[in-house]
Amino acid sequence: MSDALERVSIARGVSDPKLEESPRVVEPGADILTLHAAHATAPAAPDERVARLAIREIGRTYFVAVSSIDWIEGADYYAKLHVGGRVHLLREPLRSLEQRLDPTRFARVHRSAIVNLARIREIRVAARGDHTLVLDDATRLRLTRGRRRDLEALIETAP
């Protein structure tokens, strides 16, 4: 066992056989952030935006046009695509899906919701400074206070 491995084992208080087999041993004083750097996800370039999303089910894969999406609901590691009264389950976190969508057509209105700007009919004042979005199909979504001004500006400039 190497000296660095012994120090890691002693610091952990246990001997771990998987650690011994690991090809990468962390040396004392190593910067763990550089070893496991988080990749910042920047928004996709305009030519990399998706036009259709692949929905995979058992035995088939079908496609949903992004332009037909009314709104998207976050559900853990999934995104629920609400399209004309139907719900499609996409195995992708809301944050990563948001990066792939066109920001001139879709906006995050809540931590668990993204809306198609073309589907917003009105914004209503709700309790405690929050607002409610009403979509064309009468769906009501919560709009957080901090996102209202940005959303109004996006709606005015949306194609």
Side-chain angles (χ1 to χ4, degrees), residues 16-26 30-127 129-159:
D16 189 355
K18 289 184 181 179
L19 186 59
E20 293 173 13
E21 297 170 6
S22 175
R24 188 175 199 180
V25 176
V26 178
D31 184 7
I32 294 190
L33 293 177
T34 58
L35 292 173
H36 300 286
H39 300 291
T41 54
D47 58 334
E48 295 175 2
R49 306 243 195 277
V50 291
R52 299 188 316 164
L53 295 169
I55 308 296
R56 291 174 182 83
E57 290 183 350
I58 298 174
R60 73 179 184 141
T61 299
Y62 61 95
F63 300 91
V64 173
V66 171
S67 60
S68 67
I69 297 173
D70 298 321
W71 68 286
I72 305 167
E73 178 182 8
D76 288 329
Y77 297 105
Y78 291 88
K80 293 180 181 179
L81 309 177
H82 295 265
V83 181
R86 295 192 61 203
V87 177
H88 305 277
L89 195 61
L90 177 66
R91 191 170 201 303
E92 181 174 356
L94 198 60
R95 177 174 290 172
S96 99
L97 181 57
E98 179 183 18
Q99 299 299 321
R100 296 174 44 200
L101 295 172
D102 184 356
T104 62
R105 298 182 185 273
F106 289 89
R108 188 87 172 247
V109 295
H110 189 269
R111 67 184 174 120
S112 62
I114 296 173
V115 69
N116 184 339
L117 298 175
R119 303 294 196 275
I120 297 174
R121 184 183 344 157
E122 63 183 281
I123 300 174
R124 294 185 180 173
V125 177
D130 286 340
H131 294 75
T132 302
L133 289 177
V134 181
L135 305 185
D136 289 337
D137 64 354
T139 299
R140 295 173 187 260
L141 301 174
R142 184 174 169 214
L143 172 63
T144 53
R145 187 179 327 164
R147 298 180 192 261
R148 188 193 62 133
R149 284 200 176 104
D150 293 337
L151 181 68
E152 287 177 352
L154 278 172
I155 291 172
E156 290 175 357
T157 61

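Computed from heavy atoms alone, side chains included, the values below leave out hydrogens, waters and symmetry copies. One is the number of the first residue; the rest follow in order along the sequence.
- Across every non-hydrogen atom of Ala113 and Leu94, the tightest pair is N-CD2, 3.7 Å.
- Between Val115 and Leu143, every side-chain heavy-atom pair lies at or beyond the 4.5 Å cut-off.
- Between the CD1 atom in Ile72 and the CD atom in Glu92 there is a gap of 9.0 Å [rounded to 0.5 Å].
- Taking CG from Asn116 and NE2 from His82, the interatomic distance works out to 13.0 Å, rounded to the nearest 0.5 Å.
- Within 6.0 Å of atom CZ in Arg121, more than 12 heavy atoms from other residues, nucleotides or ligands are found, so the atom counts as buried in its surroundings.
- Lys80 has its side chain within reach of Leu89: a pair of non-hydrogen atoms, C-beta onward, lies under 4.5 Å apart.
- Among pairs with a residue in residues 54-67, those fulfilling salt bridge (charged side-chain N to carboxylate O under 4.0 Å, His left out) read Glu57-Arg60, at least two apart in sequence or across chains.
- Applying the salt bridge (charged side-chain N to carboxylate O under 4.0 Å, His left out) definition to pairs two or more places apart or across chains, those involving residues 148-159 are Arg148-Glu152.
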Next item on the list: Could you go through the side chain to side chain contact (heavy atoms under 4.5 Å, CB included) check for Leu141 and His110 one step at a time?
Entry: CA-CA 8 Å; Leu141 301 174; His110 189 269; over 6 Å; no
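- At least one side-chain heavy atom of Ile120 sits less than 4.5 Å from a side-chain heavy atom of Leu135.
- Separation of atoms OG1 (Thr132) and CZ (Arg124) is listed at 8.0 Å; rounding is to 0.5 Å.
- Side-chain contact between Arg105 and Arg49 is absent, with no heavy atoms from C-beta onward closer than 4.5 Å.
- Taking CD1 of Ile114 as the start and CD of Glu73 as the end, the distance is 11.5 Å to the nearest 0.5 Å.
- The shortest non-hydrogen separation linking Thr61 to Ala54 is CG2-CB, 4.0 Å.
- Distance alone, capped at 3.5 Å, places no donor-acceptor pair between the Ser68 side chain and the Val64 backbone.
- When all heavy atoms of Arg52 and Val66 are compared, the pair lying nearest together is N-CG2, 3.9 Å.
- By the 4.5 Å heavy-atom criterion applied to side chains, Asp70 and Asp137 are counted as neighbours.
- Remark: His88 NE2 to Phe63 CZ distance equals 13.0 Å, nearest 0.5 Å.
- At least one side-chain heavy atom of Leu53 sits under 4.5 Å from a side-chain heavy atom of Ile69.
- Of the candidates Thr104, Thr157, Leu151, Leu151 is the only one forming a side-chain contact (heavy atoms from CB on, under 4.5 Å) with Leu117.
- With sequence neighbours left out, Val125 forms a side-chain contact (heavy atoms from CB on, under 4.5 Å) with His131.
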